[in-house]
Amino acid sequence: MTPQEIVHRWLRLVTADAELSPYLVGVDRVRLAAHLTESVTAALAGEPADAWGGLGLSEEQHRRIGDYLVGVCWAADLPEGRIARVRRAVAR
């Protein structure tokens, strides 16, 4: 699964979350998806990524978004080490 496919599925989960979706109102989703793709690509390479900065999310909401990403990565059957790198990068 490519980073773009991961982001597509990840963003669909976040958008479907009733508590998180209001944070996306008025957000340019094409631009957000491009930013998230860059972040996931960096994270998979073990580099820091600031996937959701600037949206005013609480720590709990940020954690839930990370959980959605991990779920997508598990479903894509990514190796555990790569999933751990993605989780760490997004949790920053």
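L32 contributes atom CG, which lies 6.5 Å from atom CG of L24 (distance to the nearest 0.5 angstrom). Atom CH2 of residue W74 and atom CD1 of residue I83 lie 4.5 Å apart, to the nearest 0.5 angstrom. Interatomic distance, E60 CD to I65 CD1, rounded to the nearest 0.5 Å: 11.5 Å.
When side chains are defined from C-beta on, T41 does not count as touching Q4, because their heavy atoms never get closer than 4.5 Å. The shortest side-chain heavy-atom distance between P3 and L44 falls under the 4.5 Å cut-off. Between V40 and W10 there is a side-chain heavy-atom pair separated by less than 4.5 Å. Side-chain atoms of L20 and L57, non-hydrogen and from C-beta on, do get closer than 4.5 Å to each other. Residues L36 and I6 have side chains not in contact (no heavy-atom distance under 4.5 Å, counting atoms from C-beta outward). Residues M1 and V72 have side chains in contact (heavy-atom distance under 4.5 Å, counting atoms from C-beta outward).
Residues passing the salt bridge (charged side-chain N to carboxylate O under 4.0 Å, His left out) test with E59, sequence neighbours excluded: R63. Under the side chain to side chain contact (heavy atoms under 4.5 Å, CB included) criterion, D28 pairs with V30, R31, sequence neighbours left out. For the side chain to side chain contact (heavy atoms under 4.5 Å, CB included) test, residues two or more places apart in sequence or in another chain that qualify with A33 are V7, L11. Partners of A45 by side chain to side chain contact (heavy atoms under 4.5 Å, CB included), not counting sequence neighbours, listed by chain and number: E47. Taking the side chain to side chain contact (heavy atoms under 4.5 Å, CB included) definition, one finds that R85 meets it with R82, R88, sequence neighbours left out.
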message: Run the side chain to side chain contact (heavy atoms under 4.5 Å, CB included) test on T37 and H8 for me, step by step, so that the C-alpha distance in whole Å, both residues' side-chain angles and the decisive distance to 0.1 Å come before the verdict.
response: CA-CA 9 Å; T37 299; H8 176 74; over 6 Å; no
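Screening residues 5-19 for salt bridge (Lys or Arg N to Asp or Glu O under 4.0 Å) gives D17-R64, E19-R64 as the qualifying pairs, with residues at least two apart or on separate chains.
Between the side chains of S58 and Q61, a donor-acceptor pair is found at a separation under 3.5 Å.
The heavy-atom pair separating V86 from C73 by the smallest distance is CG1-SG, 4.4 Å.
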